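Since the model is a prediction, treat every value here as computed from it, not as a measurement. Only heavy atoms go into these numbers, but all of them, side chains included; no hydrogens, no water, no symmetry mates.
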Amino acid sequence: RDGFDLFANHVVKEFSIENLFFVFELMQMKHELLTNELIEADDRGLMVRINKKIIEELKREDGDIRNVREMKASYEHIMTQYIDQKSKYGVNISAIIKRDINEKYSEMMERRLSYISLTPVTTGSCVELIKKQNIMEDEKKTMEFVKDYISVFDDALEGVITLLRLDSLSRFYDTKEYKTWSFALDDKKKKEKSSRNSTPISVGNNSPMAKGGADSASF
């Protein structure tokens, strides 16, 4: 997490923290959909590699997405925070992309799903089988809904990632803080590799033990 925190502090100084927030919250949302099996990995759209531990540690209290209702609530949060004209952390995206997002978002919010599993089944000799079939059919509807709208913000995400990489991230690599952290990380990796490759030659050998994998340098 050290690398993530360093970069976060850097974009705060550059007054561009909204870009990192936007990327992080979208990845958090997609992580929820994947974890709760509401979307297949192949259908998740554009992704940015962020340490799962960081995503879980910084998860919003109302960030759970277990159904369509909670997915819509998360999308509303993204729109309010980053896309709307008066949003608190508005990201810099083109008018065309913003228009496309608004159209797709409105379509998603107006779409209603009719769940047959909510209809009581009380007659017939195969009640439990019918209930299971209805639940499976409803789960299929939910996954189709998620698949249709999971990429609503992907064009904006791609633009923000480009800004971070070409602008904020390139300057971050030149900072004293990054170079100090990167040097310490490389030194830690070398010591761990040396420890793993060492062969004790006598009882009581005090060669250092590896402490585990190094923190990911990616945000």
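Residues satisfying the side chain to side chain donor-acceptor pair (under 3.5 Å) test with R60, not counting sequence neighbours, are E25, D62. In this structure, S94 has no side chain to side chain donor-acceptor pair (under 3.5 Å) partners at least two apart in sequence or on a different chain. Under the side chain to side chain donor-acceptor pair (under 3.5 Å) criterion, N102 pairs with no residue, sequence neighbours left out.
How far CZ of F22 is from CG of N92: 11.5 Å, rounded to the nearest 0.5 Å. With values rounded to the nearest 0.5 angstrom, M143 atom CE is found 10.0 Å from L33 atom CG. A distance of 9.5 Å separates CG in D155 from CD1 in I93, rounded to the nearest 0.5 Å. Taking CZ from F153 and CG from L46, the interatomic distance works out to 13.5 Å, rounded to the nearest 0.5 Å. Annotation: the span from E32 atom CD to T35 atom OG1 amounts to 6.0 Å, rounded to 0.5 Å. Between Y105 atom OH and M108 atom CE the span is 6.0 Å, to the nearest 0.5 Å.
Contact of the R111 side chain with the D148 side chain is registered, since non-hydrogen atoms from C-beta on lie closer than 4.5 Å. K53 is listed as a side-chain neighbour of N51, based on a closest heavy-atom distance under 4.5 Å. Side-chain atoms of F172 and L6, non-hydrogen and from C-beta on, do get closer than 4.5 Å to each other. Counting heavy atoms from C-beta on, the side chains of T142 and E139 never come closer than 4.5 Å. For the pair M29/L26, a side-chain contact is recorded, criterion being any heavy-atom separation below 4.5 Å from C-beta on.
Minimum interatomic distance between Y149 and Y75 (heavy atoms only, all atoms of both residues): O-OH, 2.6 Å. Taking each heavy atom of K72 and M109 in turn, the nearest pair found is NZ-O, 3.3 Å. Across all non-hydrogen atoms, the minimal contact from M71 to V146 is SD-CG2, 3.6 Å. In terms of heavy atoms, Y82 sits closest to F21 at OH-CB, 3.3 Å. Nearest approach of S151 to G45, heavy atoms of both residues: OG-CA, 3.9 Å. The two residues D154 and I150 have their closest heavy-atom pair at OD1-O, 4.2 Å.
Taking the charged nitrogens against the carboxylate oxygens, K147 and D42 have no contact shorter than 4.0 Å, which rules out a salt bridge. Under the 4.0 Å criterion applied to side-chain N and carboxylate O atoms, D167 and R171 are assigned as salt-bridge partners.
With hydrogens and angles disregarded, a donor-acceptor distance shorter than 3.5 Å links the side chain of N67 to the backbone of R69.
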